[in-house]
Each structure stands twice: as structure tokens, then as C-alpha cells.
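In what follows, every chain begins at residue 1, and chains take the letters A, B, ... in the order their sequences are listed. Every value quoted in this text rests on a predicted model; they were computed, and no experiment measured them.
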Amino acid sequence: MSKPIRAPTWVSRRRLFEDKLWALHKCTNINHLKQVHAFVYKFNLHKDPFVARKLISAFSSCRQMVLALNVFNQIEEPNVHLYNSMIRGYSENFQSSLAFAIFFEMQSCGVLPDNFTYPFLLKACCGQSWLEIVKMVHTHIEKFGFSADIFVPNSLIDIYAKCGSSGVNYAKGLFNVMVERDIVSWNSMISGLMRAGELDEARKLFDEMPERDTISWNTMLGMYTKAGEMNMAFEIFKKIPERNVVSWSTMVSGYSKSGDMQLAGLLFDKMPVKNLVAWTIIISGYAEKGLAKKAIGLYDQMEKSGLNLDDGTIISILAACAESGFLGLGKRVHESIEKNKFKCSNQVCNALIDMYAKCGSLDAALRVFNEMKKRDLVSWNAMIHGLAMHGHGKKALQLFSRLNKEGFAPDEVTFVGVLCACNHAGFIDEGKHYFYTMERDYGVVPEIEHYGCMIDLLGRGGRLKEALRLVHSMPVEPNAIIWGALLEACRMHNAVGLAEEVLNHLVELEPTDAGDFNTLSNIYAAAGEWGGVPNVRLRMKNTCTQKPSGASSIELDAEFHEFTVMDTSHPKSDGIYEMVNGLSQHIKQVGYVPVACC
DNA sequence: CTAGGGTTAG
């Protein structure tokens, strides 16, 4: 047997390179990609449409649309596949207008769209504001006759249903006139109805559909878990012929959201296959409920099981930590990020800022904020609000003016933070200034949240009449939060008459809240009008159900300690009360006047 | 083209 003749080096290199080209769609490493790009030039292949298409898709999936466009521009007469790849790239990278620009360009160059073009283009249209454009694309499709390919009307149904409540009617219209429907048409329609809140209609279609796959079953499962109907969900779950990891994690998520961590944990343990999403759901669930040991234990297990964290996991767990004040796990997540040299997206940084701020570590929040290269409005809003919440009103307002200087346009969320800062710091005049100029100078129309902040601010400052006048001038109906803020102001300033009026409004809105009646009886008591108290108690008995009392919690060394009013259950209760009494003596000495309470 | 986790507003 003779030895095989070795190919010349350039042939083997070329073969190697061809293998790389074939694997390009899997390539997510931008440096490898750039290497391949260099090879392409070396072998003068950059004008080959096939090679160019591979490169464009690879650059798109690495979110490098500028590089993708460079490749595209090398081609003198791009074919329909190349145009499609560019449209898809822009759509998937949320650059909708550029996707449409390419679509228009291909038409002016006389290249006809094909059945792949529209699903890609439609992906760029999501949200209520796109409905009119989707209708135009729909007309275009009918004109060119591509609705024969089932992919095209299926995408239309999906995208129509994502265009808000009126969009779903267009989805229904299309679904009803479709001659041939496949399982995806049914699934898309059902999930669209579900998103629009038409649950009965969704269930009806589910029962009617000729055959169901796991996606159909999981859609129904998601519908019931989101509605908090865990019994119905479990009925569905039992009937699913082939459960997959999504079926299981939907159930775990449902139990976790309904507050039943025991069942959630039980189901999680039984899951035959656990993926990153499943771990995320269970850890976030425990973290949000403050079940620190469980959450940390599972987080360790997840890291040990060799799964790589992704954006979704990090953001979700951090949000849960922010909710419960679980700084311990939040820090652990931050450490993992740094240990793994995880490249933080803005969303991740923003979640970190929010977590640190809500857990009271403002220094850490500021550190993340300051180290960000390209802050977005969410970063500013989270930081401003974090400072405001902790009473650093001045710093929050300074940050607001810095935001303006750096050319950002504040939005409605920013102003909630700004007004909150004024509120916590007692800056009544500044608050009024921002409230009355937000629309004039920044084009942000005040919403009910902003009115709420203002009424709280005026009320706390004792300007009850002004607060009441603002309530009556509101363009929307005042809600329970508004009246509640006013009632609280009445309590602080012993305004008996106004309190009675406010309570009447509150009872209409939320007849179940005992806390409001308590507040009123406290007001009577503080004003010395003890005659009013039994009356209130009677009304309370007739109209109220007991609300669970509020609790404060703190986490120390992965252990949560919870406290409610008059609580003596903590093992170190005596010492804690001793400290509290000492502190309240101390703050009285430095001038704090406590509010009357009975 | 269809199903599960996801940053800012009390």
C-alpha cells in the first residue's frame, strides 16, 4: 500500500477554511469570525453570494450588523437570499427601520421578495404602534400572492396578535379565512388570544383544534398559570401526552408565582431534565420569598452543574433579590459575573444597580453606574430612584441635572424618581417646579403616579387644601393610592373633617382595607374625639376583611429575620427592643417628633 | 411562524 500523497499546503488550508465556512452559523465568537472574514478576502471569495450569505448570518447572530453590511455592500447585484439575510439580521437586532430600508432597496433594484422575505420583515414589527405598517405589509403580501406558503400567513397571525388588542381582531380575521391551517396557525392564534386576555376564546380553539402538540398543551398551561389558576393548570399538566422541560418549568413558575414554594420545589426536584431556565425560575422564586438558604443552596448547585449563566438568569435572580432585599445572593451573582468574566449587557448592569440600590448598598450601586461605558435611560432612572428612596434627595436631583447635560431626554419614569426625591427630602417648592415644568420643558405628560407623588409631597408638608385641589384637578379618576396618600396626610396633621371625606372615597374604591379605618380611628383619637372611634370600628367590622400586616425583614449571613408590629417572637427580642427604645430616646433628643398613635 | 425565566415607576 502506498502512502497517500499529501495535498499541497494551500489545498489543506483551503479545506480547513471550507469546514469553517460550513460551521459559520454556529460561530458566536467574533474573533474567529473576523479570522474567517480575512480568509475570505485572501481567497477572493468575498464576491461569492453563498459565502457572503454565510458571513452575513454569522455577523448578525453576533450583533455585528455594521460588519454584515460591509459584506453585503461588496456584492454588486445581491440576490434575494442576500437581501433576506440582511432583513433578518436587522429584524433580529431590533433595527426595524433598517430592515425596512433594505426591503425598499431590494424593490427599487427590481429584486422580487420571496416567501422568506415577509416572515423576516414582520419580525421587525412588534408592538401596538406597528399595526398600520403590518396591515400594509399584509396588503403587499396579498398583491404578490405569497399567502399560499403557510409560513407567511402564520407569521402574520403571530405578529398581528402582538399588535395590541385591536391587532388580535385582524389575526382572527386572517385565521378564519385561511383555507389550510397547520398546527402552527392554531398555536399562534391561541397564544395571541391568550395574550389579549380572551381566555375563553383561546380555550375554545384549543378544544376545537384537530391535533395538539406539546406547544399547544404548554400554551394552555401558561394561560392557567398566568391567571393563577393552579388547579386548572395541574389538570392540564396531567393530561399532556409528552411533557418536555417547558411543561415542567411552566408549572414550577406557576406555583412559585402563586406563593407556594413547597409545591414548586417538589415539582422542580421531580423534573427529569433541568435546564438553565428551570434553575432560574426556582432560584428566583426562593430569593423573592426571602428563603435565603434554599436560594443560595440551589445557586451553588446550579453553578456546580456546569451550566453557563446567561442574561436572563442573572437579570431574573437580581430582580428577585431586589424585591426581597436579599443582598447576599445579589452579591454572589455579581461575584460570579466577575469570576466568569461575563460580558455585562446594559440590562445586566441596570439590574445590578437596582438590586444594590433596593438592598441599601448605594455605594455599590453607584460603582456599577459609574463604571458603565454606555449608560441608558434605565440606568439613570434606577440610580435616581435608588438615591431618592434612601433620602438622598439632593444627590438624586444632581444626577437628574447631569442626565440632562449628557443629552438624555427624561421620561415618565425619571420624573417619578425626581418627584420621589423631592418627597423624601421634603423639597416642596422643587417638587412643584418639576411637576409644573415636566410637560412644558420635557414633553412628559403627568400620569397618575406623578399626581400621587405630588399629593404625598404637599400632604406631608401640611398643604392639605392644595393637595385636595390637585386631586380634584386631576384629568383621571383618583385611585386608592391617591386617596390613601391624602388620608395619611390627614393623620399627620390631625385633619379630622377632611379625613372623613377621604375615607368615604376610599371605601368606594377598596372596601376591604382595614388599614384605612385604622388610620381614621387614629386620627379621631389623636384629635381627642374619642366618640368617633367606636363608630369607625363598627363600620370596619361590617366592611373589612383583615389584611395581613406588613413586615420588615433583614438578611444576615444568609438568614432572614422578619418583624411585625408588637412582635416578640425573635429569640433576641429583648435585646432588639432595648436597642429600639434607646434609639427612639436618642432621636427625640435630637429633635424628632413622633406621630401620635393609639 | 407557535410554548417556560428578563432591568427603571409603591
Side-chain angles (χ1 to χ4, degrees), chain A residues 115-116 118-120 122-123 149-162 182-192 194-195 212-223 225-226 240 243-254 256-257 271 275-285 310-320 322 344-355 357-358 368 375-386 388-389 410-420 423 447-450 452-453 456 479-481 484-485:
Chain A
N115 45 345
F116 284 89
Y118 294 103
F120 295 152
L122 284 168
K123 240 195 163 167
D149 180 357
I150 194 89
F151 263 70
V152 178
N154 283 354
S155 323
L156 265 174
I157 289 177
D158 175 51
I159 223 72
Y160 264 136
K162 285 177 180 157
D182 69 356
I183 200 157
V184 179
S185 329
W186 286 88
N187 287 344
S188 305
M189 192 63 242
I190 291 172
S191 100
M194 190 195 88
R195 253 196 313 270
R212 299 168 194 90
D213 61 4
T214 302
I215 295 186
S216 331
W217 286 97
N218 287 347
T219 306
M220 287 322 278
L221 207 57
M223 181 171 102
T225 57
K226 278 196 194 82
I240 301 179
R243 295 178 198 134
N244 63 11
V245 64
V246 177
S247 327
W248 285 87
S249 48
T250 305
M251 285 304 285
V252 175
S253 160
S256 161
K257 292 234 164 73
M271 278 182 86
N275 65 4
L276 195 58
V277 175
W279 284 99
T280 305
I281 292 169
I282 194 77
I283 295 170
S284 306
D310 72 356
D311 274 37
T313 305
I314 294 169
I315 293 166
S316 178
I317 296 178
L318 287 175
C344 285
S345 65
N346 263 12
Q347 284 189 331
V348 168
C349 290
N350 295 343
L352 273 171
I353 293 171
D354 186 51
M355 182 278 296
K358 292 231 172 86
V368 177
R375 289 176 279 264
D376 60 24
L377 193 56
V378 175
S379 333
W380 290 90
N381 289 350
M383 200 60 244
I384 289 175
H385 201 260
M389 262 188 325
D411 68 357
E412 63 284 357
V413 181
T414 319
F415 280 103
V416 173
V418 167
L419 295 176
C420 180
N423 203 348
E447 292 165 26
I448 195 147
E449 289 86 356
H450 305 106
C453 291
D456 206 18
N479 59 13
I481 296 170

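Looking at the side chain of A:Asp311, the nearest of the listed nucleotides B:dG6, B:dT2, B:dG5 is B:dG6. Listed candidates were B:dA9, B:dT2, B:dA3. Nearest to the side chain of A:Thr214 is B:dA3. The side chain of A:Val184 lies closest to B:dC1 when the candidates are B:dG4, B:dA3, B:dC1. Listed nucleotides B:dG4, B:dG6, B:dC1 differ in distance to A:Phe120; the shortest reach to its side chain belongs to B:dC1. Closest contact between the side chain of A:Ser249 and the listed nucleotides B:dG4, B:dT7, B:dA3 involves B:dG4. In this structure, of B:dC1, B:dG5, B:dT7, it is B:dT7 that holds the atom nearest to the side chain of A:Ala319. Side-chain atoms of A:Glu412 lie closest to B:dA9 of the nucleotides B:dG5, B:dG4, B:dA9. Picking from B:dA3, B:dG4, B:dT7 the nucleotide with the shortest atom distance to the side chain of A:Lys226 gives B:dG4. Considering only side-chain atoms of A:Asn244, the nucleotide from B:dT7, B:dT2, B:dA3 that sits closest is B:dA3. Here the nucleotide nearest the side chain of A:Cys453, chosen from B:dG6, B:dG4, B:dG10, is B:dG10.
Contact annotation: the side chain of A:Lys226 never approaches that of A:Lys257 to less than 4.5 Å [non-hydrogen atoms, C-beta and beyond].
Although no hydrogens or angles enter the test, the distance criterion places no donor-acceptor pair under 3.5 Å between the side chain of A:Ser253 and the main chain of A:Ser249. With A:Asn381 contributing its side chain and A:Ile384 its backbone, the two residues share no donor-acceptor pair below 3.5 Å.
Judged as a side-chain contact (heavy atoms from CB on, under 4.5 Å), and not counting sequence neighbours, the contacts of A:Thr219 are A:Ile190, A:Ser191, A:Met194, A:Ile215.
Atom pair A:Asn423:CG and B:dA9:C1' shows a separation of 14 Å (rounding to whole Å applied). Between the CG atom of A:Leu352 and the C1' atom of B:dT8 there is a distance of 14 Å, given to the nearest Å. One interatomic measurement links the two molecules: CD1 of A:Ile353 to P of B:dA9, which rounds to 12 Å at whole-angstrom precision. Whole-Å rounding puts the A:Lys123 NZ to B:dC1 P distance at 4 Å. As rounded to whole Å, 11 Å separates atom P of B:dG10 from atom CG of A:Asp354. A:Leu276 places its CG atom 12 Å from the C1' atom of B:dG6, with the value rounded to the nearest Å. A:Glu447 places its CD atom 15 Å from the C1' atom of B:dG10, with the value rounded to the nearest Å. Remark: C1' of B:dG10 and NE2 of A:His385 are 8 Å apart, rounded to the nearest angstrom.
No contact: A:Asp182 has no heavy atom under 4.0 Å from any strand. Looking at heavy-atom distances under 4.0 Å, A:Ser284 makes no contact with the nucleic acid at all. Among the heavy atoms of the strands, none lies under 4.0 Å from A:Asp411. Using a 4.0 Å heavy-atom distance criterion, A:Asp376 is classed as making no nucleic acid contact. Across all strands, A:Val416 comes closer than 4.0 Å only to sugar-phosphate atoms, never to a base (heavy-atom distances). Among the protein residues, A:Val245 comes within range of the nucleic acid bases, having at least one heavy atom under 4.0 Å from a base atom. A:Gly312 comes within contact range of at least one nucleobase, with a heavy-atom separation under 4.0 Å.
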Stepwise, does the side-chain hydrogen bond (donor to acceptor under 3.5 Å, both in side chains) test hold for A:Asp311 with A:Ser345? CA-CA 8 Å; A:Asp311 274 37; A:Ser345 65; 2.8 Å; yes

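Side chains of A:Ser316 and A:Ser284: a donor-acceptor N/O pair is present below 3.5 angstrom, by distance only. Donor-acceptor pairing under 3.5 Å is lacking for the side chains of A:Ser155 and A:Asp158.
Ring geometry for A:Phe116 against A:Phe151 counts as tilted: the plane angle lies between 30° and 60°, on a 0 to 90° scale.
By the neighbour-count criterion of 12 heavy atoms within 6.0 Å, atom CD1 of A:Ile481 is sparsely surrounded, having that number or fewer from other residues, nucleotides or ligands.
Annotation: proximity of residues 151-159 of chain A to DNA chain B (heavy atom, distance under 4.0 Å) is found for A:Phe151, A:Asn154, A:Ser155, A:Asp158, numbered in ascending order.
For B:dT7, the OP1/OP2 oxygens have no side-chain nitrogen or oxygen of A:Lys358 closer than 4.0 Å.
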